[in-house]
Amino acid sequence: MRFPPRLLINTPDVELWPADLLRARGNHDARTLAQARWLLRRKRDGRYLAAALDRGLMPLLPRWTAGIDADAALDALDHAPPSGGQGLAPAAPLPLHRIEARLESLGLRAEAYAERTGLALVPEPAWLAFAGLDRYRRPLWLQADAALAWRRLQAAARADDVPLEAISGYRSHDYQLGIFERKRARGLGVDAILAVNAAPGFSEHHAGWALDIGAPGEPPAEERFERTPAFAWLRERAGGHGFAMSYPRDNPHGIVYEPWHWRYTGVPV
Ligand SMILES: [Zn+2]
């Protein structure tokens with residue numbers, strides 16, 4: 001069996017993951033995953049829907065196509081690149097209409113939120129490149145250029161004896177929505193959640209150009225990251241690798257200071 005290219009192929013409801021990058025969630029999964037090239041994963045809850053084997057598609061959930069745009073996923077599977085991702089066109093954006101509808105479930109209106117924060121709705125890309133593993137040994141996905149730049153940035157820091165870890169890269173709209181749903185289930189109000197999380201659809205993480213960076217042993221995403229050697233190194237050198245901090249102190253979006261959140265701008269600054 002050939003391994004599929006290390007790409008995440010993105011569709012409105014389903015992601016296609018290279019099966020060798022996913023962990024089995026039980027014996028049955030393990031046997032199937034070992035033979036699979038791609039795994040179809042529901043974005044809303046991460047459930048494994050079906051495995052693409054050399055001999056065809058094997059459903060992993062009964063009625064796996066219910067309530068999702070399965071045609072888009074199957075079409076993406078048919079057109080999945082055979083290898084490497086080389087020669088792929090730049091990732092096109094997926095449509096935004098679904099997230100606008102889902103925002104209403106939070107009592108939010110996209111337009112009003114955009115006006116209040118100066119943030120824009122961020123489409124998800126049609127595919128993402130593997131950028132190594134994050135702190136939690138999960139695959140990190142970024143736009144291809146950002147993935148390459150992050151690996152270079154991390155190597156340059158390592159050469160200066162400054163270990164950097166990725167905490168989180170690309171996140172889907174549905175993933176961000178899930179954060180809100182879990183916090184609401186714990187009794188938090190939408191406004192309280194919005195003070196620390198961008199509304200689903202409005203996070204820079206959706207576009208695949210941004211990632212959260214941490215230092216080993218430091219808690220993730222806390223302001224005290226600014227006192228680490230990792231942050232001092234980033235402030236000095238990240239710009240030369242095309243990365244910029246998105247949310248410095250007193251940024252105009254009303255987003256808390258995030259010294260850990262960096263975006264690849266493609267232009268050394
Ligand atoms: Zn972030």
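Whatever order the structure lists them in is the order used to number ligands and atoms, beginning at 1.
- Considering Leu33, Leu16, Val14, Leu49 in turn, Leu33 is the only one that fulfils the side-chain contact (heavy atoms from CB on, under 4.5 Å) rule with Leu39.
- Hydrophobic side-chain contacts under 4.5 Å tie Ile167 into a cluster, directly or through other members, with Tyr136.
- In terms of modelled atom types and a separation under 3.5 Å, the side chain of Trp209 and the main chain of Asp145 share no donor-acceptor contact.
- Listed by first and then second residue, the side-chain hydrogen bond (donor to acceptor under 3.5 Å, both in side chains) pairs involving residues 223-235 are Asp160-Trp233, Glu218-Arg224, Glu223-Arg249, Glu226-Arg249, Glu226-Tyr257 (not counting sequence neighbours).
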Quiz: residues 115-126 side-chain donor-acceptor pairs under 3.5 angstrom, not counting sequence neighbours:
{"from": "Thr117", "atom 1": "OG1", "to": "Tyr113", "atom 2": "O", "distance (Å)": "2.8"}
{"from": "Thr117", "atom 1": "OG1", "to": "Leu119", "atom 2": "N", "distance (Å)": "3.1"}
{"from": "Glu124", "atom 1": "OE1", "to": "Asn10", "atom 2": "ND2", "distance (Å)": "3.0"}
{"from": "Glu124", "atom 1": "OE1", "to": "Lys43", "atom 2": "NZ", "distance (Å)": "2.6"}
{"from": "Glu124", "atom 1": "OE1", "to": "Tyr170", "atom 2": "OH", "distance (Å)": "3.2"}
{"from": "Glu124", "atom 1": "OE2", "to": "His173", "atom 2": "N", "distance (Å)": "2.7"}

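- Annotation for Asp78: atom CG counts as buried by contact number, over 12 foreign heavy atoms lying within 6.0 Å.
- The set of protein atoms (N, O or S) found at less than 2.8 Å from the Zn ion (ligand 1) reads His205 NE2, Asp212 OD1, His261 ND1, by chain and number.
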